Amino acid sequence: MSIRSFLLSSPIFLGVFLFQEAFVTQMRLPAGGFNLLLVVALIWSALSTPEIGALTGFGAGIGMDLSQTSPGPMGHWTLVLIIACYAVAFLGYGDDNIRGNPINIVLLTTIGVFLSQLVFLILGLMLGQHVGSIGNILFLLAGSAFWAAIISPLLLKVISYLHSNIFGSRAQL
Amino acid sequence: MRYGGDNRGRLLIIVLVVTTLFLITLDLRGVQVINGLRTGTQTALTPVQKVGSWAVSPLRNFISDVTHLGRTRNQIAKLKDENDKLRLKLQDRKVADAQLAQLKSVLNLAGTAGFKIVNAKVISQGSSTSFTQTITIDAGTSSGIQSNMTVLSGYGLVGVVKYAYANSALVQLASDPSFRIGARIAGSQQIGILSGQGTRKGVLQLLDNTTTVHKGDALLARGSDNGRPFVPGVPIGEVTSVNNSPGAVTQTADVRFYTNFSTLGVVAVVVSGASADPRDALVPPKPHPTPIPTVTIYATPGAVSPSPTATK
């Protein structure tokens, strides 16, 4: 990842972080809503190389950890997102069946959101956090996966356009 | 071609993971720099969130209307007859009235108990992506709010101030899974520990297994030393069911919180408790059924019914 790519990517993620904190959290959507930064980071990673995916996860994770609603210690979301974004990028890299098909990217992102939250939950339990009833957890996990499946196709075109302009090495979806 | 990874890539992953573990360790050890980062971010975000709250409110109201469509159908049917201008005015007025009603009821509650409070508007609701239940209010340390202060609504307990920033504060709701509060049952004074479950339902665990708890019992906060984090006597909720397992060590009961956490608009932070414990004074009155008068008419077969006569 060149300095130019980093400098161009950072304001995008900063903007997404601000939008998430200022607007998305205000909407009080049913079934727990969605986390825009998480969805964007996973789509971005799905279009990138594994190294850039890991760096994206690191940056987005720091942002989510800085969020006032993050209950865990600093680095909790970062660790989860490094793993999740690297895994998503690794699965898609070099496989045009995944990378070239928007439906597969949406599917990968939705599963990524679900598993990221599950890993976050398990890690939280290991760090001694309280997570509430099983029913509520399942409801929130299903809700966030549902919202990710709704939001991802809407964002995919924009993110694909920005990604291809910044990295320039891949065909736009 | 499937990616196989190289040494540079593996090194990068290792460096990132080690950095993250280092951050987690520092935060768990309470290093001030990490806390300062979060505080600074929240201070910088507060004005943006206030603008966001103002901008998103029409959309939020729309989503709320869609969510509660079944309940508001009758109201919508009545409003259909009115013209557009009047309807718009009414919508604006409704928002203001709801906030005013919440403010009035919270002032009544605090006034009855003798609490000194600071009122605040809810400017953000925490994302449940992280499995927490929090709200952000638009008053902070500049208004005298500090962490570990009780937060009230007009119906009772909302939660406790977790972090206080210059012009905002993060409130942990009573429904948060990690929320715990010492509670007593109004009247019988039995004590127990109430914990949040992520929904409007809480679970009460009685400390003494020989005591009994009944459906409909009201729960109040026991209070803490110097009124922090909890002032005594604040209504929490009502027992909805009791779990009497024969082999259980302690008796538990399900509790429905008085406060509806999804409709919070205005809340109050108790900055100073009452000089005396209000005891059971804040227990909300139970609804009384309205008596319906009945008239019984006896009809006798063959009897001549009296005919009305005109009188001057």
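Here the structure is a predicted model, which means the values were calculated and not measured.
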Between OG1 on residue B/Thr20 and NE2 on residue A/His76, distance to nearest 0.5 Å:
11.5 Å
Portion of B/Gln42 that has a non-hydrogen atom of chain A nearer than 4.5 angstrom
side chain
Taking every non-hydrogen pair under 4.5 Å, which of B/Ile123, B/Thr199, B/Asp176 racks up the most with chain A?
B/Ile123
Under 6.0 Å from the NZ atom of B/Lys121, do we count more than 12 heavy atoms belonging to anything else shown?
no
Around atom CD1 of A/Ile134, are there more than 12 heavy atoms of other residues, nucleotides or ligands at under 6.0 Å?
no
Over 12 foreign heavy atoms within 6.0 Å of CZ, B/Arg180:
yes
Under 4.5 Å to a heavy atom of chain A? For B/Arg29 that would be neither
Against chain B, label A/Leu66 side chain, backbone, both or neither, depending on which of its atoms sit under 4.5 Å from a heavy atom there.
both
Reference residue A/Ile82; test side chain to side chain contact (heavy atoms under 4.5 Å, CB included); the match among B/Thr19, B/Val17, B/Leu12:
B/Val17
Looking only at B/Leu26, B/Val203, B/Thr136, most heavy-atom pairs under 4.5 Å shared with chain A are made by B/Thr136
To the nearest 0.5 angstrom, please state how far the CZ atom of A/Phe90 sits from the CD1 atom of B/Ile13.
10.5 Å
Measuring from atom CG of B/Leu21 to atom OG1 of A/Thr78, what distance do you get when rounded to the nearest 0.5 angstrom?
10.5 Å
Heavy atoms of other groups near B/Tyr163 OH, more than 12 under 6.0 Å
no
Please check if atom OH in B/Tyr155 has more than 12 non-hydrogen atoms from other residues, nucleotides or ligands closer than 6.0 Å.
no
Distance in Å, A/Leu127 CG paired with B/Leu28 CG, rounded so as to fall on 0.5 Å steps
6.0 Å
So which part of B/Leu45 gets closer than 4.5 Å to some heavy atom of chain A, the side chain, the backbone, both or neither?
side chain
To the nearest 0.5 Å, how far apart are CD1 in A/Ile83 and CG in B/Leu16?
11.0 Å
Under 4.5 Å, counting heavy-atom pairs only, tell me which of B/Ser195, B/Ser175, B/Ser124 racks up the most with chain A.
B/Ser124
Could you grab the distance from atom CG of B/Leu23 to atom CG of A/Asp65, nearest 0.5 Å is fine?
8.0 Å
Heavy-atom closest pair (A/Leu79 atom, B/Ile24 atom, distance to 0.1 Å) is CD2-CD1, 4.2 Å
Residue A/Leu154 excluded, over 12 heavy atoms near CG under 6.0 Å:
yes
Examine whether an atom of A/Ile137 lies under 4.5 Å from a heavy atom of chain B, and if so say whether it belongs to the side chain, the backbone or both; otherwise answer neither.
both
What part of A/Phe58 gets closer than 4.5 Å to chain B, counting heavy atoms only: side chain, backbone, both or neither?
side chain
